[in-house]
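Chain A is the first sequence line, chain B the second, and so forth, proteins listed ahead of strands; every chain is numbered from 1.
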Amino acid sequence: MFRFIIKRLLLAIPTLFAVLTIIFLLMRVVPGDPAYAVLGDYASEEAVTALREQMGIDKPIWRQYLTYMGGILRGDLGDSLITRQPAWDQIRTVLPYSLQLTGAAILIALSLGIPFGVITAVKRNTGIDYVVRIVSLAGLSAPAFYIGLLLMYLLSAKAGWFPAISTAGFDDIGKNLHALVLPAITLGLVETAYVTRMTRSVMLNVLSDDYVRTARAKGLRNRTVLMRHALRPGVVPIVALVGIFTIGLIGGSVLTEEVFARPGLGKLMVGATTRRDYTLLQAIMVVYALIIVVVNIVVDIIYTWIDPRVQR
Amino acid sequence: MAATTAPNTPASSIQYVSQRKRAWRTFSRNRSALVGLVLVILLVLIAIFAPLIAPYNPLSQSTINRLQGPSSEHWLGRDPYGRDVFSRIIYGTRVALQVGILSVLLGGILGTSIGVIAAYFGGKIEALLMRLVDVLLSFPDLITGLLVMAVLGSGMEKLIIAIALTITPRFARIAHGPTLGLKEKEFVEAARALGQRNPVILVRHILPNIGGELVVLASLWTASAIRLEASLSFIGLGVPPPTATWGQMIREGTVYLSSLPLLSLAPGVALLITVFAFNLVGDGLRDVLDPRSR
């Protein structure tokens, strides 16, 4: 197990390297001069030269690459082009909001999705199965921002139960959690649809296995068969998928944060994109890349830990 | 005479027709898939005949009549520029389907080529290409789309390229696996022994055998592509205004959510129906190919 973890960590290095290089190259193929993009077409010659120097884009590309990689290794993600503050400072301020939202959404998705998935698999091809399947497909079809808007309309504009804007900070935890409800449900529901569908297909596979039939034939009660024999092996792929959801949640959280004007990595990224703050955008991408690589490693490790056969 | 013609008919063509028939029977027995198919056809017709269906020009503004609720003339009301919301939703179908279908076509062709070529030739090319595919796959679509739009700037063609890039690695992955098995099969070896060139083998012998899975993927990813288009438009990185797109209409309407909810909720329904329809078709097609997954 220990050797596997080491091997997995070593394997992640070239991947991370590749991702960071791709981000670097992508940020360098911006058509035209990024300095002009930031300052506008009518900027003075001196201002553009000064900004190019500050951005470091007056140097040859390999020097820029070394500076960029060296910076990441030292934990320096560069300064924002607009605010001139270290990009990491801005990221650090919003990161807790993103983590809180993602965590709450995963909790909702698992606690709803797994039971729904099991029920539909057991009651296969009945009314319940049909309804849940259609609803979850509809859930997959709805973009997070639309679910968010519907909830905002019903529970905030109409009923007035929750605030429509989710900016409450962490100093007042009650207010903060109250503001978290709508965004968390929004993001959670989208993921519930995934978890439900995944659990259903996993359970369908497990339920047709021989040992489940044997357990039934022994005369065990339905519930025992389900909890003891079917659900346990079924949990393996589901747990592994939580990792994939976490990554999928990043996309959904961008939209959710945008709808509820909630601070977070996604909102910061959209802001950086529309304001053409390329260094901040690059820094956020690096953070995302790190999160994605770490989540993948953790999932692989959990997967191997639950089911040692995967290790090979 | 009839008895002698029968053996001359190539056996493969008989089986091919019956397979297709069987596939259609499985598909058409799936009621939700049929509903999806009918909806998709309807949506395509709406997109084609938008000028005939829409009662007003989707771009003609009237600032005196801005922000009106539903009426008998304007079924879904008028937006902040006084434009007819219903007509804009009808025209929005064009952008959604155009972007959805073209980006899947582009990404599908690109991805399939990458996957098939990587598997067929193997070696360093395969290692490099598939590594790249894995890296691309690890990023959420929205992030990739957002990044590419940030780099390319806004516009319909750029949006199609951005979404196609999120789809490319999925097709590459799906095309790669089966090709690995197929290239070892006897009929491919036979074709090679007969002196057929590699491109011919790829197109004539490999592609038809993975076509089914690619079609399922295409319909499911059209759904995702349309959703992604709306998401990027919602953020403000889609087709630039004044072109009517659902995502942008939803965004513009959010400000008036409590007074005129239809402004953003109505285009959302159109979006939901469209994505749902393509998902239903994709699900139905998957059941045809893999009956166990039902």
Check your understanding: Any idea which heavy atoms bring A:P143 and B:L271 closest together, and the distance?
Key ->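 Shortest heavy-atom contact: CG-CD2, 3.5 Å.
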Review point. Which atoms form the tightest heavy-atom contact between A:L281 and B:A150, and what is the distance?
Key: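 For A:L281 and B:A150, the tightest heavy-atom pair comes out as CD2-CB, 3.8 Å.
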So for [X], is it side chain, backbone, both, or neither that comes closer than 4.5 Å to the heavy atoms of chain A?
| X | value |
| --- | --- |
| B:D283 | side chain |
| B:L136 | neither |
| B:A223 | neither |
| B:I273 | neither |
| B:V35 | neither |
| B:N279 | both |

Review point. Can you list the steps and then say if B:T254 with A:V259 is a side chain to side chain contact (heavy atoms under 4.5 Å, CB included)?
Key: CA-CA 8 Å; B:T254 44; A:V259 170; 5.9 Å; no
Which value, rounded to the nearest 0.5 Å, describes the distance between [X] atom [atom1] and [Y] atom [atom2]?
| X | Y | atom1 | atom2 | value |
| --- | --- | --- | --- | --- |
| A:I22 | B:L132 | CD1 | CG | 5.0 Å |
| A:F145 | B:S233 | CZ | OG | 8.0 Å |
| A:M152 | B:L257 | CE | CG | 6.5 Å |

Review point. Pick from A:L249, A:T15, A:I23: which one has the most heavy-atom pairs with chain B under 4.5 Å?
Key: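 Among the listed options, the one with the most contacts to chain B is A:T15.
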Would you mind checking which part of [X] comes under 4.5 Å of any heavy atom in chain B, side chain (CB onward), backbone (N, CA, C, O), both or neither?
| X | result |
| --- | --- |
| A:L149 | both |
| A:Y153 | both |
| A:A144 | neither |
| A:I292 | side chain |

Point to revise | Polar side-chain atom of A:Y146 near backbone of B:G247 as donor-acceptor pair, under 3.5 Å | key: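 Absent.
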Contact between [X] and [Y] at the side-chain level, heavy atoms closer than 4.5 Å - yes or no?
| X | Y | answer |
| --- | --- | --- |
| A:I134 | B:F276 | yes |
| B:L237 | A:V270 | no |
| A:T273 | B:L147 | no |
| A:Y130 | B:S32 | yes |

Using a cut-off of under 4.5 Å for heavy-atom pairs, which of [options] has the most such pairs with chain A?
| options | answer |
| --- | --- |
| B:M149, B:R227, B:R131, B:R251 | B:R227 |
| B:F139, B:F234, B:F278 | B:F234 |
| B:I226, B:L272, B:T274 | B:L272 |

